[in-house]
Amino acid sequence: MPDRTVLRVDGLDVHAGSTPLLQDVSFAIDRGERVGLIGESGSGKSLTALSVMGLLPEGLGATGDVRLAARTPAEHNLLALGERALARMRGDGMSMVFQEPMTALNPTMRVGAQVAEVMLLHRTRSRRAARERAVELLEQVGLPDPAHVARAYPHELSGGQRQRVVLAIALANDPALLICDEPTTALDVTVQATVLDLVVRGVEARQAALLFITHDLGVVATVCERVLVMYGGRIVEAGPVQDVFGDPRHRYTQGLVAASDLSGADGRRERARLPTIPGSVPPAGRFPAGCVFRTRCAHATDVCATPPPWTPRGEHPAGATAYGYACFHPAGGEEDG
Amino acid sequence: MLLRVAHRLTVLLVSLALASVVVFAFMRVLPGDPARVALGVNASEEAVRALRTQFGLDRPVLVQYVDWVGGLLTLDPGVEFLSRAPIGPQIADRLLVTAWLVVSAMLLALVVAVPVGLWMALRHRHWDGIVLSGLSQVGVAVPAFLAGILMISVFAVRLGWLPSGGWVVPAQDPVGFARRLAMPALSLALVQGAVLARYVRSAVLDVLREDYLRTARAKGLRPVQALVRHGLRNAAVPVVTVLGLQLATLLIGAVVVERVFVVPGLGSLLLDSVAKRELLTVQAVVMVLVVAVLVINFVVDLLYLLIDPRLRTGAR
């Protein structure tokens, strides 16, 4: 694992009993790199994040290799670590912001104490310094009158303010990896932009790696440099945001980009039909063998019944899994000759 | 916060006033002249009239009510019709006995139910959690008096380890006191403990599903740490509700268990007074029970405010 790599996931499989939920998920994130993970609901984005954090729900099992270079070099496979060792890394070397800010904070504990707790827990600061640092962090995430907010209870704050507090908690110990799971989906559009900006500034200031989960392509385009496209528990395409969105190869990505492109509907008098991907995401574990997208793909042929190999599209510092696709009949291939 | 406390206090005082009217009115509405009832059918008309005059039963109802409430407020509910024994000291003695019984039963239930409930919640998918949960269901279904009778037949009659009933004052004979307290307290605690454990279990299971517990895990707390630091205080709200209800139930339920174990508590006094047709004593005991229940509810309300800051402002 190269020095600059913070997180490397290799051949991650997640299953509930005999039902596979994630298959052969592989990717790496470098220091200071901001990577988006997109896909429809049920594609396995959150499971990927929870596997890295070691917070999979009871009853789900994960195999593969997940390595994190944070405080210590990436000597251990996180999936093989015990709860005690993993707990030491959570909130310190890696941290996570969840989707629903309204319920993410303990309603019976003051906000400042909840921020300070993560520093006391990992002994990164003394009791007094942690309290002072908590107020500083609240100020950094743009909360007005941070000393007052620190003494408030979560119910006295709005959703956007609470998500800033959660972000302050996640950044408190200067993690090497920050995972955000749809952090702005539950927020007002006007608040979204500021929170996204805070996320980007937070990881930039710390040279942290960012894994940003969303289903909103616009959000990925503003926050991330690189994107992973997930469908049916597999990564089907990866690469720099501009290339993947501007010139998608995988047929699923192509559909996703088309469905997100509202320029056709803009400014016209007649109502243009919004493009959609035909069919719907099958329930977990019911994806077809071979290419997971072939049942909804207009280009599928018999060969798609076998798993499509990963086709690298170009060189990328983060490795072969960083830029490429898994499709037998890629889009844009005609021009390439 | 202060406003909330003042509000709850007002509710308490109004309830107390209403309760006193209801208790007083109810006893007066009962058929039969209290003096006649107390003296029996063979008493002469003069004797009945004398008793009525003496206890002021011939005065207007409103005057009697004010007089009665005044007596209660000065902790002097009067004397018995026949023996002329003052009612106040009797109630105080009996209340102390019942308080011993109820408080020790509640503490016993609490000490057992909280850890057992926690265990049932944390192990709800494992065999031991399921077995405990099943046992607690059985505990809920057994009435306290039946548990008491079973215990007497085993520990007092067959094994002879404990006296089957009676009471001594703790200062007089601490060991004898404890031996006599054990079975009645245990039989009351059994049912309450089982109910309480089930509530603790479901409250903890609810909390375990909360997002903020996942946040706590993401901070680096191990599962049990996260539950203790972030879950228990939140789980306490529904548990305190049940605790309050249970204390009230115990107070009333003690009446039956006191009968089984021949314990001279408030319940025994109530039943005896009813049998002797001592209207004033019955009224006073009922009022004491009502006050106790209302005060328990008041304290529970205050505890809510302490536990959950959201309730202090009424916001969600």
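Within every chain, numbering begins at 1; the chains are lettered A, B, ... in the order of the sequence lines, protein sequences first and strands thereafter. All values derive from a computational prediction rather than experimental measurement.
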* Asked: How about A:Phe27: does its CZ atom have over 12 heavy atoms from other parts shown lying under 6.0 Å from it?
  -> yes
* Considering all heavy atoms, the nearest A:Ala87-B:Arg222 contact -> CB-CG, 3.7 Å
* Heavy-atom distance under 4.5 Å to chain B: side chain of A:Glu156, backbone, both or neither? -> neither
* Taking B:Lys219 for the side chain and A:Gln114 for the main chain, is one N or O donor matched with an acceptor at less than 3.5 Å? -> yes
* **Pair B:Arg312-A:Tyr153, side-chain contact (heavy atoms from CB on, under 4.5 Å): steps then yes or no** => CA-CA 11 Å; B:Arg312 289 174 209 164; A:Tyr153 285 100; 3.8 Å; yes
* Asked: Is the backbone N or O of A:Ala104 less than 3.5 Å from a side-chain atom of B:Thr215, with the two atoms forming a donor-acceptor pair by type?
  -> yes
* Asked: Does CD in A:Gln140 sit with more than 12 non-hydrogen atoms of other residues, nucleotides or ligands closer than 6.0 Å?
  -> yes
* Measure distances from B:Leu221 to the heavy atoms of chain A and classify the residue's part below 4.5 Å as side chain, backbone, both or neither. => both
* Would you say B:Arg233's side chain and A:Thr108's backbone share a donor-acceptor pair under 3.5 angstrom? -> yes
* A:Arg206 atom CZ: more than 12 heavy-atom contacts under 6.0 Å -> yes
* Take B:Arg229 and A:Glu117, measure what side-chain contact (heavy atoms from CB on, under 4.5 Å) needs, and give me the verdict at the end. => CA-CA 10 Å; B:Arg229 289 203 202 175; A:Glu117 184 188 25; 3.5 Å; yes
* **Atom NE2 of B:His126: over 12 foreign heavy atoms under 6.0 Å** => yes
* Asked: Between A:Pro107 and B:Pro309, what is the shortest heavy-atom contact and its length?
  -> O-CG, 3.2 Å
* **Intermediate values then yes/no, side-chain contact (heavy atoms from CB on, under 4.5 Å), B:Arg217 and A:Met53** => CA-CA 10 Å; B:Arg217 295 286 313 281; A:Met53 291 293 286; over 6 Å; no
* Asked: Can you say whether A:Leu105 sits under 4.5 Å from chain B via the side chain, the backbone, both, or neither, judging by heavy atoms?
  -> backbone
* Structure fact -> Between the CZ atom in B:Arg310 and the NE2 atom in A:His155, the distance rounded to the nearest 0.5 Å is 8.0 Å
